[in-house]
> 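Mind looking over this structure? Questions follow.
Only heavy atoms go into these numbers, but all of them, side chains included; no hydrogens, no water, no symmetry mates.
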Amino acid sequence: MYIVKVDLNNKRITKLDGIYHSESDLYVKSDTIYKIFKYGILTSDMLDTITKLCEIKHKSLAEVLYPVTLNNNKIDGIAMRYYKDYMTLSKYIETSNMSLNERIALIKKLDKIFKSFKSINYTYFDIHTDNILINNSDIKIVDTTSGVFNDNNEKDRITMLNRMAYLYYLLLLGVENEKKQNTSVQKRLLGRLNEKQRSFLLHVMEREYSDFDPLECTELFDEETISDQRKILRIKWWNKVI
């Protein structure tokens, strides 16, 4: 693995100010994005993840090209392919008037992608709508350093499944984000659901940590149930409060 020195003062490199990451800054040059970490010396686990991401290619993972350094002393970040013709899933949800069946089809596609990571021994944690890019039928998962290559231990696997469940619930509702609700609202949500739906929502709320496959419950939510959930959450749906 080779490390490439990058000069951020190069006039052809510009900072992506419109995208905020708490742990890194993003810069772009032509078809390459440089992700520069803010927290100094990287842990051995992070270095191992970067090394494997450079070696392993997966059609649904944003391609990591090589590690970069700013001063030749240490790895300061990574270079990734820039998917400039893609939009984030949050933007896609906002601009695409998808039916429930279309949203479920998208959930199934994402579920297949997340579960395919097992084939490369990769567990991905930072699952949310801004870390998923879409261009027509193609999907890329970004911010891939927020994952580990391990033996898929039980704790890591369940964390990933719970975050998958939350993402699927947002897609079922047709929203890109939903703030954590208080106990009263949670009780109202749970009280309207059958046992299997309730099990799904407990995972969404991260109140249940047992073995669980979030895809199994998504088709249990019909239009009427979803509409009821939106009313309880007071979600704006196509610019109307329902």
Side-chain angles (χ1 to χ4, degrees), residues 1 3 15-16 18-28 32-69 74-83 86-93 107 109-134 139-171 176-178 180 203-204 206 209 214:
M1 180 179 65
I3 303 173
K15 187 175 182 180
L16 291 179
I19 302 177
Y20 173 75
H21 282 259
S22 60
E23 82 287 356
S24 63
D25 292 316
L26 299 178
Y27 300 82
V28 62
T32 302
I33 281 186
Y34 301 110
K35 178 179 180 178
I36 307 300
F37 302 112
K38 296 178 181 178
Y39 39 73
I41 302 297
L42 303 182
T43 66
S44 59
D45 286 343
M46 177 66 85
L47 291 172
D48 182 62
T49 296
I50 290 172
T51 299
K52 287 187 169 63
L53 285 170
C54 292
E55 295 171 349
I56 294 175
K57 303 303 178 186
H58 186 289
K59 65 178 182 179
S60 297
L61 289 179
E63 185 177 1
V64 176
L65 303 172
Y66 45 81
V68 301
T69 182
K74 59 183 176 63
I75 292 176
D76 295 297
I78 56 174
M80 305 174 293
R81 191 165 305 284
Y82 182 27
Y83 297 93
Y86 289 62
M87 70 171 71
T88 63
L89 179 58
S90 57
K91 187 67 175 179
Y92 187 77
I93 294 171
I107 288 170
K109 188 167 186 176
L110 288 168
D111 193 78
K112 185 176 181 180
I113 289 172
F114 291 134
K115 288 173 181 172
S116 72
F117 294 160
K118 186 175 182 180
S119 67
I120 56 172
N121 204 27
Y122 178 65
T123 304
Y124 181 63
F125 300 117
D126 202 13
I127 297 173
H128 61 74
T129 55
D130 283 334
N131 276 347
I132 299 169
L133 302 181
I134 296 182
I139 294 176
K140 300 293 182 186
I141 308 299
V142 300
D143 201 14
T144 52
T145 52
S146 298
V148 294
F149 290 87
N150 57 17
D151 294 324
N152 293 311
N153 71 65
E154 189 68 7
K155 182 179 178 181
D156 288 346
R157 191 176 65 83
I158 290 174
T159 297
M160 182 175 174
L161 287 172
N162 283 339
R163 294 183 181 181
M164 288 162 62
Y166 182 59
L167 174 65
Y168 299 169
Y169 185 60
L170 293 180
L171 278 167
E176 60 89 17
N177 193 22
E178 180 55 35
K180 297 295 183 181
H203 281 267
V204 170
E206 294 190 0
Y209 299 94

> With side chain to side chain contact (heavy atoms under 4.5 Å, CB included) as the test, would you mind laying out the steps for V28 and Y34 before giving the verdict?
CA-CA 6 Å; V28 62; Y34 301 110; over 6 Å; no

> Using the six-membered ring wherever Trp is involved, compare the ring planes of Y83 and Y86 and label them parallel, tilted or perpendicular (cut-offs 30° and 60°).
perpendicular

> Should we count NZ of K115 as having more than 12 external heavy atoms under 6.0 Å?
yes

> Check whether any side-chain heavy atom of D111 sits under 4.5 Å from a side-chain heavy atom of M164, and report yes or no.
yes

> List the steps, then state whether side chain to side chain contact (heavy atoms under 4.5 Å, CB included) holds for F114 with L161.
CA-CA 9 Å; F114 291 134; L161 287 172; over 6 Å; no

> With heavy-atom distances below 4.5 Å as the criterion, would you say the side chains of I36 and I78 are in contact?
no

> Is there a side-chain contact between R81 and L65 in this structure, where contact means two heavy atoms from C-beta onward sitting under 4.5 Å apart?
yes

> Checking V142 against I33 for the side chain to side chain contact (heavy atoms under 4.5 Å, CB included) test, could you report, in this order, the C-alpha distance in whole Å, the side-chain angles of both residues, the deciding distance, and whether it holds?
CA-CA 11 Å; V142 300; I33 281 186; over 6 Å; no

> Is there a side-chain contact between L171 and L110, using heavy atoms and a 4.5 Å cut-off?
yes

> Please report the interatomic distance CG(L61) to CD1(I120), rounded to the nearest 0.5 Å.
5.0 Å

> Could you tell me which non-hydrogen atom of E23 sits nearest to which non-hydrogen atom of Y39, and how far apart they are?
CB-CE2, 3.6 Å

> Within the 4.5 Å heavy-atom criterion, are L89 and L133 side-chain neighbours or not?
no

> In Å and rounded to the nearest 0.5 Å, what is the CZ to OG distance from F37 to S24?
6.5 Å

> Can you see which heavy atom on T123 is nearest to which on M160, and at what distance?
CG2-SD, 3.9 Å

> Using only atom types and a distance under 3.5 Å, with no angle test, would you say the side chain of K140 pairs donor to acceptor with the backbone of K59?
yes

> Is it true that D130 and S90 share a donor-acceptor pair across their side chains at a distance under 3.5 Å?
yes

> Restricting to non-hydrogen atoms, name the atom on S116 and the atom on I113 that form the minimum distance, rounded to 0.1 Å.
OG-O, 2.5 Å

> Distance from I134 atom CD1 to I139 atom CD1, nearest 0.5 Å?
5.0 Å

> Could you check if a side-chain atom of N131 sits within less than 4.5 angstrom of a side-chain atom of Y124, using non-hydrogen atoms only?
yes

> Between F149 and I56, what is the shortest heavy-atom contact and its length?
CE2-CD1, 3.6 Å

> With rounding to the nearest 0.5 Å, note down the distance linking CD1 in I93 to OG1 in T88.
8.5 Å

> Indicate the atoms forming the closest heavy-atom contact of I75 with L47, along with that distance.
CD1-CD2, 3.8 Å

> Quick check: closest heavy atoms across D126 and S146, and the distance to 0.1 Å?
CB-CB, 3.5 Å

> Could you tell me if K35 and T145 have a donor-acceptor pair between their side chains, going purely by distance under 3.5 Å?
yes

> Rounded to the nearest 0.5 Å, how far does CE of M87 lie from OH of Y92?
8.0 Å

> Using only heavy-atom distances, determine whether the side chains of N150 and N121 contain a donor-acceptor pair under 3.5 Å.
no

> Which distance, rounded to the nearest 0.5 Å, do you find between the CG of L167 and the CG of N162?
12.5 Å

> Check whether more than 12 heavy atoms from other residues, nucleotides or ligands sit under 6.0 Å from atom NZ of K57, and answer yes or no.
yes

> Main chain of F125, side chain of R163: is a donor-acceptor contact present, judged purely on distance under 3.5 Å?
yes

> Do D45 and V148 make a side-chain contact, defined as non-hydrogen atoms from C-beta onward lying under 4.5 Å apart?
no

> Could you check, using the six-membered ring where one of them is a Trp, whether F117 and Y122 have ring centers closer than 6.0 angstrom?
yes

> Show, in sequence, the C-alpha distance, side-chain angles and deciding distance for E63 and Y82, and conclude whether the side chain to side chain contact (heavy atoms under 4.5 Å, CB included) test is met.
CA-CA 9 Å; E63 185 177 1; Y82 182 27; over 6 Å; no

> Is any side-chain heavy atom of H203 closer than 4.5 Å to a side-chain heavy atom of P214?
no

